[in-house]
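One structure is given here, and the rest of the page talks about it.
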Amino acid sequence: MSLEPLLALQAHDTTIDRLRHRWETLAQRAALEQIETDLAVQRQLLATAAGARDGVRREEQRLDDDAQSTESKAVEVERRLYSGEISSPRELQAMQSDVVQLRKHRSSLEDRELVVMEKREALDAEVSQLEQSIATLDARQAELRAALAAEKTEISDQLTIEQAARGEVAKGISTELLADYERCRARARGMGAARLVGDTCQGCHLSIPATEVDRMRKMADGTFAHCDNCGCILVP
């Protein structure tokens, strides 16, 4: 019974293990998780900034409306003041005082509006910066998703090929030997069979006593031995 097919089987299994490990540790997956975290933070910051900006906009609009309404009242009082409709000096004086107070109140409203406008402009800049940051992250997320999908497809295709090839090799191995090989793989972290080169196991790269090597090489056909170090089936 030739043990050579075990080495072919081991080669396919090693490739399959490597592909599965590659699948589980794809760099894009970790990068995507980080971007998703960053996006969640940026979107929350944007929601907060936009909410504050909208509130300031409403306050700015209210002050502007109040200023315009106050100016309209002042203009109307001035119209009556200079229309000739009022002849009483006392009433005229009171109206003139009203105009002064209305204009003073309008000026105060405009000063407050300027302060609010500066605050709104700062929030506009913050919102714009956050929107740009989110757009950049969205674009990067799309790139990573495309790259991840492409790499997953590539790995999946390679796995399909390797698993099919492994199945063909396994068909030519006895059930007993195949079962022993699988047990060895489970114990030795994936290494079920290895070539014996000189007195060195190529599975663990450790030396085996010369007397044991000599015994293995004289074993009858159909029998096999295991590495004393890693436990894999040795193929002389």
Side-chain angles (χ1 to χ4, degrees), residues 5-60 116-171 173 178-179 181-195 201-206 229-232:
L6 283 181
L7 295 180
L9 191 68
Q10 180 65 69
H12 288 303
D13 280 335
T14 298
T15 300
I16 289 169
D17 289 344
R18 177 179 56 78
L19 288 169
R20 285 173 175 164
H21 177 72
R22 181 180 160 195
W23 177 284
E24 293 169 358
T25 59
L26 286 171
Q28 293 93 336
R29 187 177 287 114
L32 270 173
E33 289 175 357
Q34 183 59 55
I35 282 183
E36 287 167 2
T37 298
D38 293 343
L39 274 171
V41 172
Q42 294 291 300
R43 283 172 178 148
Q44 182 58 52
L45 289 173
L46 176 59
T48 300
R53 187 269 315 273
D54 292 344
V56 170
R57 276 182 175 174
R58 288 191 293 271
E59 177 66 9
E60 182 183 0
V116 172
M117 184 185 298
E118 290 176 357
K119 186 176 180 181
R120 189 259 303 158
E121 287 174 348
L123 286 166
D124 279 340
E126 183 180 355
V127 167
S128 177
Q129 184 177 7
L130 286 166
E131 287 174 341
Q132 290 175 8
S133 176
I134 289 171
T136 299
L137 286 170
D138 279 337
R140 180 57 179 156
Q141 184 183 52
E143 290 174 3
L144 285 170
R145 282 177 173 167
L148 182 62
E151 192 157 2
K152 279 184 173 181
T153 298
E154 179 189 345
I155 294 172
S156 180
D157 290 345
Q158 291 181 21
L159 272 171
T160 299
I161 293 170
E162 286 296 328
Q163 287 168 339
R166 183 198 190 278
E168 288 302 313
V169 173
K171 289 178 183 178
I173 301 173
L178 189 59
Y181 166 82
E182 295 292 359
R183 284 193 294 270
C184 291
R185 264 178 56 79
R187 289 196 301 265
R189 297 181 181 179
M191 187 58 65
R195 177 77 71 184
C201 168
Q202 297 304 298
C204 60
H205 300 287
L206 296 176
N229 300 305
C230 66
C232 71

Separation between CE of M191 and CD of Q10, rounded to the nearest 0.5 Å
4.5 Å
Can I get a per-line list of side-chain donor-acceptor pairs under 3.5 Å for residues 121-133, giving both atom names and the distance, sequence neighbours left out?
residue, atom, partner, partner atom, Å
D124, OD1, R53, NH1, 3.3
D124, OD2, R120, NH1, 2.9
S133, OG, Q42, OE1, 3.1

In Å and rounded to the nearest 0.5 Å, what is the CD to CG distance from Q141 to L39?
5.5 Å
Sidechain N-carboxylate O distance under 4.0 Å for E60, R57:
no
Just wondering, do R29 and E151 contact through their side chains at under 4.5 Å, heavy atoms?
no
Considering only NZ, NE, NH1 and NH2 on the basic side and carboxylate oxygens on the acidic side, decide whether D138 and R43 come within less than 4.0 Å.
yes
Closest heavy-atom contact between L6 and I173?
CD2-CD1, 4.0 Å
Can you see which heavy atom on A31 is nearest to which on L144, and at what distance?
CB-CD1, 3.7 Å
Name each donor-acceptor pair under 3.5 Å that joins a side chain in residues 161-171 to protein atoms two or more places apart or in another chain, with its distance.
residue, atom, partner, partner atom, Å
E162, OE1, H12, ND1, 2.7
R166, NE, D13, OD1, 2.4
R166, NE, D13, OD2, 3.3
R166, NH2, D13, OD2, 3.3
R166, NH2, E182, OE2, 2.6
E168, OE2, K171, NZ, 3.0

CG-CZ distance between L7 and R195, expressed to the nearest 0.5 angstrom:
5.0 Å
Within the 4.5 Å heavy-atom criterion, are R140 and E143 side-chain neighbours or not?
yes
Rounded distance (nearest 0.5 Å) linking atom OG1 of T160 with atom CD1 of I155
11.5 Å
With rounding to the nearest 0.5 angstrom, report the CZ to SG distance, R185 to C232.
11.5 Å
For the atom pair CD1 (I16) and CZ (R20), what is the distance rounded to the nearest 0.5 Å?
6.0 Å
